[in-house]
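Okay, structure first, notes after.
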Protein chains: 2
Amino acid sequence: MGQQSGKRLSRKERERREHRRLILEAAEELFARKGFHATSVQEIADEAEFSVGSLYNLFESKERLYHELIEMRADQYLRKLDQRLDEADGPVDKVRAAVRCKLDFFEEHRQFFHIFGNFVSGAESASPPMLSKRCLEIHGRIHRQLESVFEAGIREGIFADIDPVLAVLVLEGTTNAIIGEWIHTGARALESINPGTVEQILFHGLLDGTANE
Amino acid sequence: MGQQSGKRLSRKERERREHRRLILEAAEELFARKGFHATSVQEIADEAEFSVGSLYNLFESKERLYHELIEMRADQYLRKLDQRLDEADGPVDKVRAAVRCKLDFFEEHRQFFHIFGNFVSGAESASPPMLSKRCLEIHGRIHRQLESVFEAGIREGIFADIDPVLAVLVLEGTTNAIIGEWIHTGARALESINPGTVEQILFHGLLDGTANE
DNA sequence: GCTTATAATGAATGGAGGTTCATATTATGA
DNA sequence: TCATAATATGAACCTCCATTCATTATAAGC
């Protein structure tokens, strides 16, 4: 009985995963709207149309559920970023790709930005129980990916000779602020903000290129 | 008895304020380290060496205490920013002043960054009970101040013709990311990050000025 | 010193919510 | 159809606090 070999999963296992997915989605919605502490397990279960007990059959604890949610999205994002970077040619295009990738991702997972936001600000030890090892690792990988793009660009003389770590921070900080504002003002889609303008600023800065000082 | 006219406060009143200050400081330390929900009123009282009851004589509720703390720092920051902007001459210098002001402020109130971070990411409705009206108003004022700097700069042809709102977001996002990283890595002081470099990037962008495309 | 007003105290209260587990339900297979 | 295993359920349990308030300590006025 049971455990199929290789790819194929038993119906049981497929159902289990589907149920987990449903609960994770319900949780995302609630965590995003009300935060970790203000969301009760009962509410999550209700929203997903399961009992509390079932939820606890699928997840070890509320905290673990929270972590798995973040890990899921972080993984998803990392995969998307890797792919887009791979498709792009040359440092400038790769930076463009990274910006678009992030905007696209958070347009699709708008709610997640509220959750993600908690660890933007370096709030590791904060209330929603600190990120899991796994998350920090993904975060590190994303940064390293981007750093290497800048390193390449600097080597090729395309980017100014700036600490790549700083460059990544500027990239991340800028996109975060823009996404935050965009979500905050409830704009329907990111059309309202032209990604080209963002890139324009990132690449050329705020000063008028024609004038001086 | 009591209520002095004009400036002079009764000893009672002065003590009252001093006690409030002590509690706010203790609360800042704890909220920053553990977040709003994970910090108990008992702990705050202990840290400040008061009884829980006394704390409740001085503050209406835990939530109000939290809000007053944020309002206090936000006020402080707004005053500092106004002053620095006033002292600076011309748009470029004013932007420089704004960057330095922020770096200075969070170097002095490092802990507060963790609390502040919660609302950077547009997490208005999140767990630490949504910002007070007052806070949002201060936040708005800060942004408007900066926007007007950019507007002036654009009018004078010094800055590129970019939506001032966007320019402010870039400024805020960049500095947030840098301060976050700086605190995160536990650097002793902001010397480790040269503000000049930050300004360099903000003004001139990431591309090498000498090369092209 | 005595009386009264003012402030400080911390044990008791009440409510909220994470987790468990005895029971009920459904699926499986003979 | 019945016996057995696997799942689902939600009420009860237990812990943790925010808040209150009767009591005690302190200060002010006489």
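Labels below follow one simple rule: chain letters A, B, ... track the order of the sequence lines, proteins then strands, and each chain is numbered from 1.
For B:A74, the side-chain contact (heavy atoms from CB on, under 4.5 Å) criterion is met by B:I138, not counting sequence neighbours. With sequence neighbours excluded, the residues satisfying ring-ring contact (aromatic ring centres under 6.0 Å, His included) with B:F31 are B:F36, B:Y66. Qualifying salt bridge (charged side-chain N to carboxylate O under 4.0 Å, His left out) partners for A:E151, counting only residues two or more places apart in sequence or in other chains: none. Looking at residues two or more places apart in sequence or on another chain, you find no salt bridge (charged side-chain N to carboxylate O under 4.0 Å, His left out) involving A:E47. Applying the salt bridge (charged side-chain N to carboxylate O under 4.0 Å, His left out) test to B:R144 and every residue at least two apart in sequence or in another chain returns nothing. Annotation: ring-ring contact (aromatic ring centres under 6.0 Å, His included) contacts of A:Y56 (sequence neighbours excluded): none. Residues forming a salt bridge (charged side-chain N to carboxylate O under 4.0 Å, His left out) with A:E60 (at least two apart in sequence, or on another chain): none.
Within residues 39-48 of chain A, the residues having any heavy atom under 4.0 Å from DNA chain C are, by residue number, A:T39, A:S40, A:V41. The stretch residues 53-62 of chain B comes close to DNA chain D through B:Y56, B:S61, B:K62, each having a heavy atom under 4.0 Å from the strand.
Spacing between atom CD of B:E49 and atom P of C:dT9 amounts to 10 Å, rounded to whole angstrom units. Distance, B:E18 CD to C:dA7 P: 16 Å, rounded to whole Å. Summarising the geometry, the separation between CD on A:E63 and P on C:dG17 is reported as 17 Å, rounded to the nearest angstrom. Rounded to whole Å, the distance from CG on B:L30 to C1' on D:dA18 is 16 Å. Rounded to a whole Å, the CG atom of A:L65 is 10 Å from the P atom of C:dT19. For the pair A:Y66 OH and C:dT19 P, the computed distance is 15 Å after rounding to whole Å. Summarising the geometry, the separation between CZ on B:F50 and C1' on D:dA25 is reported as 15 Å, rounded to the nearest angstrom. For the pair A:E15 CD and C:dT28 C1', the interatomic distance rounds to 13 Å; values are reported in whole Å.
The terminal axes of the helix from C:dG1-D:dC30 to C:dA30-D:dT1, fitted over 5 pairs per end, subtend an angle of 0° to the nearest 10°.
Salt-bridge check for A:E18 with A:R14: failed, with every basic side-chain N at 4.0 Å or more from each acidic carboxylate O. Using a 4.0 Å cut-off between charged nitrogen and carboxylate oxygen, A:K80 and A:E108 count as a salt-bridge pair. Looking at A:D104 and A:R84, a side-chain N of the basic residue comes within less than 4.0 Å of a carboxylate O on the acidic one, giving a salt bridge.
Applying the salt bridge (Lys or Arg N to Asp or Glu O under 4.0 Å) test to residues at least two apart or on different chains, the pairs with a partner in residues 162-174 of chain A are A:K102-A:E172.
In terms of modelled atom types and a separation under 3.5 Å, the side chain of B:T185 and the main chain of B:W182 share a donor-acceptor contact.
Cation-pi geometry between A:R20 and A:F59 is met: under 6.0 angstrom from the ring centre, within 45 degrees of the axis.
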Are any protein N/O atoms closer than 3.5 Å to N/O atoms in nucleotides 23-27 of chain C? If there are, list each pair with its distance.
none

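OP1 or OP2 of C:dA8 sits under 4.0 Å from a side-chain N or O of B:H19.
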Under the criterion side chain to side chain donor-acceptor pair (under 3.5 Å), I'd like the reasoning laid out for A:H109 against A:Q76: C-alpha separation, chi angles, the key distance, then a yes or no.
CA-CA 11 Å; A:H109 302 289; A:Q76 213 177 335; 3.3 Å; yes
